[in-house]
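Structure first, then comments.
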2 protein chains.
Amino acid sequence: MSLEYILLGLLGEPASGYDLKKIFDTEVGYFWAAELSQIYPTLKRLEKQHLLRSHHAAAKRGPRRIVYETTAAGNRALRVWLQAGPEVGDERQAFVAKLYFMPALDDLGATLRLLSALRQRFATRLEALRSLEKLWEESDPRYPNELPTAEFHKLLALRKGLFSLQAHVEWADDSIRLVRQRADPAGVDRKAKAKPEKSDQRTAKVRV
Amino acid sequence: MSLEYILLGLLGEPASGYDLKKIFDTEVGYFWAAELSQIYPTLKRLEKQHLLRSHHAAAKRGPRRIVYETTAAGNRALRVWLQAGPEVGDERQAFVAKLYFMPALDDLGATLRLLSALRQRFATRLEALRSLEKLWEESDPRYPNELPTAEFHKLLALRKGLFSLQAHVEWADDSIRLVRQRADPAGVDRKAKAKPEKSDQRTAKVRV
DNA sequence: TCCGCCATGTAAGTTGTTACATGATTAG
DNA sequence: CTAATCATGTAACAACTTACATGGCGGA
(Lines give C-alpha, C1' and ligand atoms only; values in the text may rest on other atoms or scores of the structure.)
Protein backbone atom coordinates (compact mmCIF):
# COMPACT_ATOMS: atom_id res chain seq x y z
CA MET A 1 0.00 0.00 0.00
CA SER A 2 1.40 3.36 -1.03
CA LEU A 3 -0.45 5.12 1.75
CA GLU A 4 1.72 3.33 4.29
CA TYR A 5 4.86 4.75 2.75
CA ILE A 6 3.35 8.17 2.36
CA LEU A 7 2.55 8.21 6.07
CA LEU A 8 6.08 7.07 6.84
CA GLY A 9 7.32 9.88 4.67
CA LEU A 10 5.13 12.53 6.24
CA LEU A 11 6.07 11.36 9.73
CA GLY A 12 9.59 12.64 9.36
CA GLU A 13 7.92 15.23 11.59
CA PRO A 14 5.89 13.72 14.47
CA ALA A 15 2.16 14.23 13.98
CA SER A 16 -1.24 12.88 14.95
CA GLY A 17 -3.72 11.31 12.54
CA TYR A 18 -5.68 14.52 12.61
CA ASP A 19 -2.59 16.56 11.78
CA LEU A 20 -1.81 14.24 8.89
CA LYS A 21 -5.29 14.66 7.48
CA LYS A 22 -4.73 18.40 7.38
CA ILE A 23 -1.44 17.88 5.56
CA PHE A 24 -3.24 15.79 2.95
CA ASP A 25 -5.89 18.47 2.56
CA THR A 26 -3.56 21.42 2.26
CA GLU A 27 -0.18 20.25 1.04
CA VAL A 28 -0.03 16.90 -0.71
CA GLY A 29 -3.64 16.51 -1.81
CA TYR A 30 -2.75 17.27 -5.40
CA PHE A 31 -0.97 13.93 -5.68
CA TRP A 32 -2.45 11.88 -2.85
CA ALA A 33 -5.67 12.04 -0.83
CA ALA A 34 -6.71 10.09 2.26
CA GLU A 35 -9.64 10.02 4.65
CA LEU A 36 -9.36 9.88 8.43
CA SER A 37 -11.14 6.55 8.41
CA GLN A 38 -8.25 5.16 6.40
CA ILE A 39 -5.48 7.04 8.16
CA TYR A 40 -6.24 5.87 11.71
CA PRO A 41 -6.27 2.11 11.05
CA THR A 42 -3.18 2.43 8.86
CA LEU A 43 -1.25 4.20 11.61
CA LYS A 44 -2.21 1.44 14.04
CA ARG A 45 -1.12 -1.24 11.60
CA LEU A 46 2.24 0.47 11.08
CA GLU A 47 2.74 0.69 14.81
CA LYS A 48 1.98 -3.01 15.18
CA GLN A 49 4.73 -3.64 12.62
CA HIS A 50 7.07 -1.41 14.69
CA LEU A 51 7.53 1.01 11.81
CA LEU A 52 5.96 3.75 13.93
CA ARG A 53 5.75 4.48 17.62
CA SER A 54 3.22 6.64 19.39
CA HIS A 55 2.73 8.49 22.62
CA HIS A 56 -0.26 10.22 24.15
CA ALA A 57 0.09 13.95 24.38
CA ALA A 58 -2.07 16.24 26.45
CA ALA A 59 -3.20 18.95 24.10
CA LYS A 60 -3.72 22.55 25.15
CA ARG A 61 -7.05 22.70 23.41
CA GLY A 62 -9.18 19.70 22.60
CA PRO A 63 -8.97 16.13 23.87
CA ARG A 64 -5.95 13.83 24.12
CA ARG A 65 -3.89 13.42 20.97
CA ILE A 66 -1.92 10.41 19.81
CA VAL A 67 1.30 11.58 18.24
CA TYR A 68 3.18 9.20 15.94
CA GLU A 69 6.76 9.23 14.77
CA THR A 70 8.88 6.90 12.64
CA THR A 71 11.20 4.33 14.12
CA ALA A 72 14.55 3.32 12.65
CA ALA A 73 12.81 0.36 11.03
CA GLY A 74 10.19 2.70 9.60
CA ASN A 75 12.85 4.84 8.06
CA ARG A 76 14.55 1.79 6.56
CA ALA A 77 11.25 0.66 5.04
CA LEU A 78 10.75 4.11 3.53
CA ARG A 79 14.22 4.06 2.01
CA VAL A 80 13.68 0.64 0.48
CA TRP A 81 10.49 1.88 -1.15
CA LEU A 82 12.18 5.03 -2.40
CA GLN A 83 15.00 3.07 -3.99
CA ALA A 84 12.74 0.51 -5.68
CA GLY A 85 12.11 2.60 -8.81
CA PRO A 86 9.00 4.40 -9.97
CA GLU A 87 5.46 3.06 -9.72
CA VAL A 88 3.45 4.40 -12.59
CA GLY A 89 -0.07 3.08 -12.25
CA ASP A 90 -2.54 3.32 -15.07
CA GLU A 91 -4.68 6.36 -14.53
CA ARG A 92 -8.42 5.79 -14.76
CA GLN A 93 -9.93 8.96 -16.03
CA ALA A 94 -13.70 8.87 -16.10
CA PHE A 95 -13.94 12.21 -17.87
CA VAL A 96 -12.01 10.91 -20.88
CA ALA A 97 -14.30 7.89 -20.98
CA LYS A 98 -17.26 10.20 -20.95
CA LEU A 99 -15.92 12.21 -23.84
CA TYR A 100 -15.15 9.01 -25.72
CA PHE A 101 -18.76 7.87 -25.48
CA MET A 102 -20.43 11.25 -26.08
CA PRO A 103 -21.37 10.28 -29.65
CA ALA A 104 -24.20 8.24 -28.08
CA LEU A 105 -25.90 11.56 -27.38
CA ASP A 106 -25.50 12.69 -30.98
CA ASP A 107 -25.21 16.31 -29.85
CA LEU A 108 -22.04 18.32 -30.38
CA GLY A 109 -23.42 20.93 -28.00
CA ALA A 110 -23.25 18.40 -25.17
CA THR A 111 -19.61 17.69 -26.05
CA LEU A 112 -18.92 21.39 -25.94
CA ARG A 113 -20.58 21.75 -22.55
CA LEU A 114 -18.54 18.85 -21.19
CA LEU A 115 -15.30 20.32 -22.45
CA SER A 116 -16.12 23.75 -21.06
CA ALA A 117 -16.92 22.33 -17.64
CA LEU A 118 -13.66 20.40 -17.70
CA ARG A 119 -11.72 23.45 -18.81
CA GLN A 120 -13.07 25.38 -15.89
CA ARG A 121 -12.23 22.70 -13.32
CA PHE A 122 -8.71 22.29 -14.60
CA ALA A 123 -8.19 26.04 -14.63
CA THR A 124 -9.45 26.35 -11.06
CA ARG A 125 -7.10 23.64 -9.85
CA LEU A 126 -4.26 25.19 -11.77
CA GLU A 127 -4.94 28.51 -10.07
CA ALA A 128 -4.95 26.78 -6.68
CA LEU A 129 -1.52 25.28 -7.36
CA ARG A 130 -0.21 28.58 -8.66
CA SER A 131 -1.38 30.25 -5.46
CA LEU A 132 0.47 27.64 -3.43
CA GLU A 133 3.57 28.34 -5.47
CA LYS A 134 3.19 32.10 -5.26
CA LEU A 135 2.66 32.05 -1.51
CA TRP A 136 5.80 30.03 -1.19
CA GLU A 137 7.79 32.25 -3.50
CA GLU A 138 6.80 35.34 -1.55
CA SER A 139 7.44 33.89 1.91
CA ASP A 140 10.80 32.25 1.24
CA PRO A 141 13.61 34.41 -0.16
CA ARG A 142 15.59 31.30 -1.12
CA TYR A 143 12.94 30.36 -3.70
CA PRO A 144 13.64 28.78 -6.10
CA ASN A 145 17.36 28.24 -6.55
CA GLU A 146 18.65 28.37 -2.99
CA LEU A 147 16.04 26.08 -1.48
CA PRO A 148 17.20 23.27 0.82
CA THR A 149 16.92 19.76 -0.58
CA ALA A 150 13.53 18.90 0.95
CA GLU A 151 11.93 22.04 -0.42
CA PHE A 152 13.57 21.58 -3.78
CA HIS A 153 11.90 18.19 -4.12
CA LYS A 154 8.57 19.65 -3.10
CA LEU A 155 9.03 22.17 -5.86
CA LEU A 156 9.62 19.43 -8.42
CA ALA A 157 6.45 17.68 -7.29
CA LEU A 158 4.47 20.89 -7.44
CA ARG A 159 5.77 21.60 -10.91
CA LYS A 160 4.54 18.17 -11.99
CA GLY A 161 1.07 19.34 -11.05
CA LEU A 162 1.52 22.66 -12.83
CA PHE A 163 2.80 21.08 -16.06
CA SER A 164 0.07 18.50 -16.02
CA LEU A 165 -2.82 20.84 -15.33
CA GLN A 166 -1.58 23.31 -17.86
CA ALA A 167 -1.56 20.57 -20.49
CA HIS A 168 -5.11 19.70 -19.47
CA VAL A 169 -6.26 23.29 -19.90
CA GLU A 170 -4.53 23.56 -23.25
CA TRP A 171 -6.05 20.30 -24.41
CA ALA A 172 -9.53 21.46 -23.39
CA ASP A 173 -9.08 24.78 -25.18
CA ASP A 174 -7.79 23.05 -28.25
CA SER A 175 -10.62 20.52 -28.22
CA ILE A 176 -13.20 23.27 -27.86
CA ARG A 177 -11.67 24.96 -30.88
CA LEU A 178 -11.83 21.74 -32.89
CA VAL A 179 -15.46 21.11 -31.95
CA ARG A 180 -16.47 24.68 -32.86
CA GLN A 181 -14.67 24.37 -36.15
CA ARG A 182 -16.49 21.14 -36.83
CA ALA A 183 -19.89 22.51 -35.82
CA ASP A 184 -19.50 25.60 -37.97
CA PRO A 185 -16.76 25.17 -40.56
CA ALA A 186 -17.75 28.31 -42.51
CA GLY A 187 -18.21 30.99 -39.88
CA VAL A 188 -14.94 30.55 -38.01
CA ASP A 189 -13.69 34.13 -38.44
CA ARG A 190 -17.06 35.69 -37.74
CA LYS A 191 -17.43 33.79 -34.50
CA ALA A 192 -13.87 34.33 -33.43
CA LYS A 193 -14.44 38.05 -33.78
CA ALA A 194 -17.83 38.16 -32.13
CA LYS A 195 -16.89 36.15 -29.06
CA PRO A 196 -13.60 36.71 -27.24
CA GLU A 197 -13.19 33.06 -26.20
CA LYS A 198 -12.65 31.83 -22.71
CA SER A 199 -9.30 30.60 -23.92
CA ASP A 200 -8.27 34.24 -23.89
CA GLN A 201 -7.64 33.82 -20.19
CA ARG A 202 -4.26 32.69 -21.33
CA THR A 203 -2.28 30.56 -18.99
CA ALA A 204 1.33 31.63 -19.13
CA LYS A 205 4.03 28.99 -19.51
CA VAL A 206 5.54 27.67 -16.32
CA ARG A 207 9.04 28.80 -15.54
CA VAL A 208 11.50 28.59 -12.67
CA MET B 1 -19.17 2.50 -10.82
CA SER B 2 -17.72 4.04 -13.97
CA LEU B 3 -16.86 0.60 -15.33
CA GLU B 4 -20.56 -0.15 -15.74
CA TYR B 5 -21.03 2.86 -17.98
CA ILE B 6 -17.87 2.17 -19.89
CA LEU B 7 -19.12 -1.33 -20.67
CA LEU B 8 -22.47 0.11 -21.73
CA GLY B 9 -20.58 2.51 -23.97
CA LEU B 10 -18.37 -0.16 -25.50
CA LEU B 11 -21.35 -2.43 -26.10
CA GLY B 12 -22.72 -0.16 -28.78
CA GLU B 13 -21.21 -3.05 -30.74
CA PRO B 14 -22.16 -6.50 -29.41
CA ALA B 15 -19.20 -8.26 -27.80
CA SER B 16 -18.24 -10.97 -25.33
CA GLY B 17 -16.37 -10.36 -22.09
CA TYR B 18 -13.26 -11.67 -23.73
CA ASP B 19 -13.68 -9.29 -26.65
CA LEU B 20 -14.14 -6.39 -24.27
CA LYS B 21 -10.95 -7.25 -22.46
CA LYS B 22 -9.10 -6.99 -25.74
CA ILE B 23 -10.66 -3.59 -26.39
CA PHE B 24 -9.43 -2.41 -22.99
CA ASP B 25 -5.95 -3.73 -23.74
CA THR B 26 -5.61 -2.27 -27.19
CA GLU B 27 -7.90 0.72 -27.54
CA VAL B 28 -9.11 2.38 -24.36
CA GLY B 29 -6.45 1.20 -21.90
CA TYR B 30 -4.81 4.63 -21.86
CA PHE B 31 -7.79 6.03 -19.94
CA TRP B 32 -9.40 2.94 -18.40
CA ALA B 33 -8.20 -0.57 -17.61
CA ALA B 34 -10.14 -3.62 -16.44
CA GLU B 35 -9.44 -7.25 -15.65
CA LEU B 36 -11.53 -10.18 -16.88
CA SER B 37 -12.32 -11.06 -13.29
CA GLN B 38 -14.00 -7.70 -12.96
CA ILE B 39 -15.59 -7.62 -16.40
CA TYR B 40 -17.50 -10.91 -16.17
CA PRO B 41 -19.35 -10.23 -12.90
CA THR B 42 -20.11 -6.67 -14.00
CA LEU B 43 -21.67 -7.88 -17.24
CA LYS B 44 -23.83 -10.31 -15.27
CA ARG B 45 -24.90 -7.57 -12.89
CA LEU B 46 -25.86 -5.28 -15.77
CA GLU B 47 -27.86 -8.05 -17.36
CA LYS B 48 -29.71 -8.66 -14.10
CA GLN B 49 -30.62 -4.97 -14.15
CA HIS B 50 -31.85 -5.40 -17.75
CA LEU B 51 -29.35 -2.87 -19.04
CA LEU B 52 -27.75 -5.61 -21.16
CA ARG B 53 -28.99 -8.78 -22.79
CA SER B 54 -26.92 -11.78 -23.86
CA HIS B 55 -27.10 -14.79 -26.11
CA HIS B 56 -24.86 -17.79 -26.51
CA ALA B 57 -22.99 -17.96 -29.77
CA ALA B 58 -21.19 -21.01 -31.17
CA ALA B 59 -17.71 -19.90 -32.04
CA LYS B 60 -15.76 -21.30 -34.98
CA ARG B 61 -12.70 -21.93 -32.88
CA GLY B 62 -12.76 -22.28 -29.15
CA PRO B 63 -15.68 -22.91 -26.78
CA ARG B 64 -19.07 -21.21 -26.60
CA ARG B 65 -19.11 -17.44 -26.32
CA ILE B 66 -21.59 -15.22 -24.49
CA VAL B 67 -22.25 -12.14 -26.55
CA TYR B 68 -23.72 -9.08 -24.83
CA GLU B 69 -25.49 -6.06 -26.28
CA THR B 70 -27.18 -3.02 -24.76
CA THR B 71 -30.92 -2.78 -24.27
CA ALA B 72 -32.98 0.38 -24.68
CA ALA B 73 -32.79 0.83 -20.91
CA GLY B 74 -29.03 0.39 -21.08
CA ASN B 75 -28.77 3.11 -23.65
CA ARG B 76 -30.90 5.44 -21.54
CA ALA B 77 -28.68 4.82 -18.52
CA LEU B 78 -25.61 5.62 -20.59
CA ARG B 79 -27.16 8.88 -21.81
CA VAL B 80 -28.05 9.96 -18.30
CA TRP B 81 -24.47 9.40 -17.24
CA LEU B 82 -23.11 11.27 -20.23
CA GLN B 83 -25.30 14.28 -19.53
CA ALA B 84 -24.49 14.44 -15.83
CA GLY B 85 -21.35 16.57 -16.23
CA PRO B 86 -17.70 15.64 -15.81
CA GLU B 87 -16.30 13.46 -13.06
CA VAL B 88 -12.81 14.56 -12.24
CA GLY B 89 -11.47 12.30 -9.54
CA ASP B 90 -8.35 13.15 -7.62
CA GLU B 91 -5.46 11.36 -9.18
CA ARG B 92 -3.28 9.38 -6.80
CA GLN B 93 0.19 9.38 -8.25
CA ALA B 94 2.62 7.26 -6.31
CA PHE B 95 5.57 8.40 -8.40
CA VAL B 96 5.04 12.03 -7.36
CA ALA B 97 4.83 10.92 -3.74
CA LYS B 98 8.09 9.06 -4.17
CA LEU B 99 9.80 12.10 -5.59
CA TYR B 100 8.40 14.23 -2.78
CA PHE B 101 9.97 11.98 -0.15
CA MET B 102 13.29 11.35 -1.91
CA PRO B 103 15.13 13.74 0.43
CA ALA B 104 15.00 10.92 3.00
CA LEU B 105 17.69 9.21 0.94
CA ASP B 106 19.85 12.33 0.92
CA ASP B 107 21.18 11.41 -2.52
CA LEU B 108 20.55 13.61 -5.55
CA GLY B 109 21.79 10.76 -7.73
CA ALA B 110 18.82 8.67 -6.64
CA THR B 111 16.48 11.52 -7.57
CA LEU B 112 18.11 11.67 -10.96
CA ARG B 113 17.70 7.93 -11.46
CA LEU B 114 14.04 8.14 -10.52
CA LEU B 115 13.41 10.98 -12.92
CA SER B 116 15.24 9.22 -15.76
CA ALA B 117 13.25 6.05 -15.26
CA LEU B 118 10.05 8.07 -15.25
CA ARG B 119 11.10 9.96 -18.34
CA GLN B 120 11.64 6.73 -20.15
CA ARG B 121 8.30 5.24 -19.18
CA PHE B 122 6.41 8.35 -20.19
CA ALA B 123 8.25 8.51 -23.49
CA THR B 124 7.48 4.85 -24.20
CA ARG B 125 3.80 5.36 -23.53
CA LEU B 126 3.80 8.49 -25.61
CA GLU B 127 5.32 6.57 -28.49
CA ALA B 128 2.65 3.90 -28.12
CA LEU B 129 -0.09 6.50 -28.39
CA ARG B 130 1.60 8.15 -31.32
CA SER B 131 1.76 4.79 -33.08
CA LEU B 132 -1.96 4.34 -32.50
CA GLU B 133 -2.54 7.77 -34.00
CA LYS B 134 -0.21 7.18 -36.92
CA LEU B 135 -1.75 3.84 -37.75
CA TRP B 136 -5.12 5.50 -37.77
CA GLU B 137 -3.97 8.44 -39.84
CA GLU B 138 -2.52 6.10 -42.46
CA SER B 139 -5.46 3.74 -42.66
CA ASP B 140 -8.26 6.31 -42.79
CA PRO B 141 -8.16 8.97 -45.52
CA ARG B 142 -10.75 11.04 -43.67
CA TYR B 143 -8.31 11.63 -40.82
CA PRO B 144 -8.49 14.07 -39.13
CA ASN B 145 -10.98 16.64 -40.41
CA GLU B 146 -13.50 14.46 -42.24
CA LEU B 147 -13.87 11.83 -39.52
CA PRO B 148 -17.39 10.77 -38.54
CA THR B 149 -18.57 11.89 -35.10
CA ALA B 150 -17.64 8.73 -33.20
CA GLU B 151 -14.10 8.78 -34.55
CA PHE B 152 -13.76 12.50 -33.97
CA HIS B 153 -14.48 11.97 -30.27
CA LYS B 154 -11.98 9.14 -30.11
CA LEU B 155 -9.45 11.53 -31.55
CA LEU B 156 -10.16 14.10 -28.83
CA ALA B 157 -9.68 11.41 -26.19
CA LEU B 158 -6.46 10.24 -27.78
CA ARG B 159 -5.17 13.81 -27.92
CA LYS B 160 -5.84 14.10 -24.20
CA GLY B 161 -3.37 11.27 -23.72
CA LEU B 162 -0.87 12.84 -26.09
CA PHE B 163 -1.02 16.28 -24.45
CA SER B 164 -0.78 14.77 -21.01
CA LEU B 165 2.12 12.43 -21.69
CA GLN B 166 4.00 15.10 -23.53
CA ALA B 167 3.69 17.37 -20.50
CA HIS B 168 4.98 14.51 -18.36
CA VAL B 169 8.01 14.03 -20.57
CA GLU B 170 8.70 17.76 -20.62
CA TRP B 171 8.37 17.94 -16.85
CA ALA B 172 10.79 15.05 -16.41
CA ASP B 173 13.31 16.61 -18.78
CA ASP B 174 12.99 19.95 -17.06
CA SER B 175 13.35 18.40 -13.62
CA ILE B 176 16.43 16.46 -14.71
CA ARG B 177 17.91 19.74 -15.91
CA LEU B 178 17.14 21.41 -12.58
CA VAL B 179 18.67 18.58 -10.59
CA ARG B 180 21.84 18.57 -12.70
CA GLN B 181 22.11 22.31 -12.33
CA ARG B 182 21.76 21.95 -8.59
CA ALA B 183 24.25 19.10 -8.34
CA ASP B 184 26.87 20.91 -10.39
CA PRO B 185 26.12 24.64 -10.61
CA ALA B 186 29.54 25.49 -12.08
CA GLY B 187 30.15 22.91 -14.80
CA VAL B 188 26.86 23.21 -16.64
CA ASP B 189 28.34 24.00 -20.07
CA ARG B 190 31.06 21.39 -19.77
CA LYS B 191 28.57 18.66 -18.99
CA ALA B 192 26.08 19.80 -21.58
CA LYS B 193 28.82 19.47 -24.19
CA ALA B 194 30.20 16.15 -23.05
CA LYS B 195 26.84 14.35 -22.83
CA PRO B 196 24.22 14.78 -25.51
CA GLU B 197 21.28 14.40 -23.14
CA LYS B 198 18.43 11.98 -23.51
CA SER B 199 16.21 15.02 -23.72
CA ASP B 200 17.65 15.51 -27.20
CA GLN B 201 15.15 12.93 -28.36
CA ARG B 202 12.89 15.93 -28.71
CA THR B 203 9.20 15.24 -28.68
CA ALA B 204 7.56 17.41 -31.28
CA LYS B 205 4.47 19.38 -30.38
CA VAL B 206 1.15 17.70 -31.08
CA ARG B 207 -0.80 19.02 -34.00
CA VAL B 208 -3.95 18.12 -35.94
C1' DT C 1 1.05 -34.79 -27.45
C1' DC C 2 1.73 -30.50 -25.70
C1' DC C 3 1.54 -25.64 -25.96
C1' DG C 4 -0.81 -21.52 -26.70
C1' DC C 5 -4.83 -19.11 -27.30
C1' DC C 6 -9.91 -18.90 -26.64
C1' DA C 7 -13.35 -18.49 -23.10
C1' DT C 8 -15.69 -18.08 -18.59
C1' DG C 9 -15.71 -17.93 -14.14
C1' DT C 10 -14.79 -18.03 -8.48
C1' DA C 11 -12.25 -16.85 -4.11
C1' DA C 12 -9.64 -14.23 -1.33
C1' DG C 13 -7.56 -10.20 -0.32
C1' DT C 14 -6.44 -4.96 -0.74
C1' DT C 15 -7.63 -0.38 -0.98
C1' DG C 16 -10.58 3.10 -0.43
C1' DT C 17 -15.28 5.55 0.50
C1' DT C 18 -19.40 7.07 3.11
C1' DA C 19 -21.86 6.96 7.05
C1' DC C 20 -22.12 6.57 11.79
C1' DA C 21 -20.63 6.97 16.88
C1' DT C 22 -18.39 9.33 20.64
C1' DG C 23 -16.72 12.78 23.35
C1' DA C 24 -13.61 17.09 24.84
C1' DT C 25 -12.83 21.94 24.62
C1' DT C 26 -13.51 26.62 23.53
C1' DA C 27 -15.25 30.87 21.39
C1' DG C 28 -19.29 33.56 20.94
C1' DC D 1 -25.59 27.07 26.24
C1' DT D 2 -24.55 25.93 21.90
C1' DA D 3 -22.10 25.60 17.79
C1' DA D 4 -17.65 24.81 15.80
C1' DT D 5 -13.51 22.60 15.92
C1' DC D 6 -10.50 19.07 17.80
C1' DA D 7 -9.85 14.22 18.01
C1' DT D 8 -10.35 9.15 17.44
C1' DG D 9 -12.46 5.52 15.96
C1' DT D 10 -15.95 1.46 13.77
C1' DA D 11 -19.04 -0.61 10.20
C1' DA D 12 -20.63 -1.37 5.90
C1' DC D 13 -20.00 -1.09 1.42
C1' DA D 14 -17.73 -0.46 -3.28
C1' DA D 15 -14.07 -1.12 -6.57
C1' DC D 16 -10.38 -3.49 -7.97
C1' DT D 17 -6.39 -7.09 -8.02
C1' DT D 18 -4.15 -11.56 -7.91
C1' DA D 19 -4.45 -16.18 -7.88
C1' DC D 20 -6.81 -20.18 -8.90
C1' DA D 21 -10.04 -23.50 -11.54
C1' DT D 22 -11.86 -25.43 -15.75
C1' DG D 23 -12.09 -26.82 -20.23
C1' DG D 24 -12.15 -26.63 -25.78
C1' DC D 25 -9.73 -26.34 -29.87
C1' DG D 26 -5.99 -25.90 -33.29
C1' DG D 27 -1.43 -26.05 -34.87
C1' DA D 28 3.77 -27.73 -34.44
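Numbered from 1 within each chain, the chains take letters A, B, ... in sequence-line order.
Near DNA chain D, defined here as any heavy-atom distance below 4.0 Å, the residues from residues 12-34 of chain A are A/Ser16, A/Gly17, A/Tyr18, listed numerically. Contacts with DNA chain C (heavy atom under 4.0 Å) in residues 79-89 of chain A: none are found.
Contact between A/Arg182 and B/Leu147 at its shortest, heavy atoms only, is NH2-O, 2.7 Å.
Across the interface with DNA chain C, nearest-nucleotide mapping of B/Pro41 and A/Ser37 shows B/Pro41 to be the residue nearer the 5′ end.
Across all strands shown, B/Leu36 has heavy atoms under 4.0 Å from base atoms, whether or not it also approaches the sugar-phosphate.
To the nearest angstrom, P of C/dA7 lies 13 Å from NE2 of B/His55. Between B/Ile66 atom CD1 and D/dT22 atom P there is a gap of 19 Å when expressed in whole angstrom units. In this structure, A/Asp90 places its CG atom 17 Å from P of D/dA15, rounding to the nearest Å. With rounding to whole Å, A/Met1 atom CE is found 16 Å from C/dG13 atom P. A straight line from CG of A/Leu43 to C1' of D/dT10 spans 16 Å, rounded to a whole angstrom.
Considering NE2 of A/His50 and OG1 of A/Thr70, their distance stands at 15.0 Å, rounded to 0.5 Å. For the atom pair A/Ile176 CD1 and A/Arg119 CZ, the distance stands at 7.0 Å (nearest 0.5 Å).
Using the six-membered ring where Trp is involved, A/Tyr100 and B/Phe31 have ring planes that are tilted, between 30° and 60° apart. The aromatic rings of A/Phe122 and A/Phe95 sit perpendicular to each other, their planes meeting at more than 60°, with 30° as the lower class boundary.
With D/dT18, C/dT8, D/dT8 as the choices, the nucleotide that has an atom nearest any side-chain atom of A/Arg65 turns out to be D/dT8. The side chain of B/Glu35 lies closest to D/dT17 when the candidates are D/dA11, C/dG9, D/dT17. Of the candidates D/dG9, C/dG16, C/dT10, the closest approach to any side-chain atom of A/Lys44 belongs to D/dG9.
Axis deviation across the helix from C/dT1-D/dA28 to C/dG28-D/dC1 amounts to 10°, comparing end segments of five pairs, rounded to 10 degrees.
Here A/Arg92 reaches the OP1 or OP2 of D/dT17: one of its side-chain N or O atoms lies under 4.0 Å away. Taking side-chain N and O atoms only, A/Tyr40 has no distance below 4.0 Å to OP1 or OP2 of D/dG9. For D/dT17, the OP1/OP2 oxygens have a side-chain nitrogen or oxygen of B/Gln38 closer than 4.0 Å.
B/Lys134 has no carboxylate O lying under 4.0 Å from a charged side-chain N of B/Glu137, or vice versa, which leaves the two without a salt bridge. Ion pairing of A/Glu35 with A/Lys21 is present here, as a side-chain N (NZ or NE/NH1/NH2) and a carboxylate O approach within less than 4.0 Å. For the pair A/Arg79 and B/Asp107, the salt-bridge criterion is not met [side-chain N within less than 4.0 Å of a carboxylate O].
With hydrogens and angles disregarded, no donor-acceptor distance shorter than 3.5 Å links the side chain of B/Ser16 to the backbone of B/Val67. Within the 3.5 Å criterion, the main-chain N or O of B/Ser54 finds a donor-acceptor partner in the side chain of B/Glu47. With A/Lys160 contributing its side chain and B/Trp171 its backbone, the two residues share no donor-acceptor pair below 3.5 Å.
Side-chain atoms of A/Glu133 and A/Tyr143 form a donor-acceptor pair, as typed in the model, at a separation below 3.5 Å.
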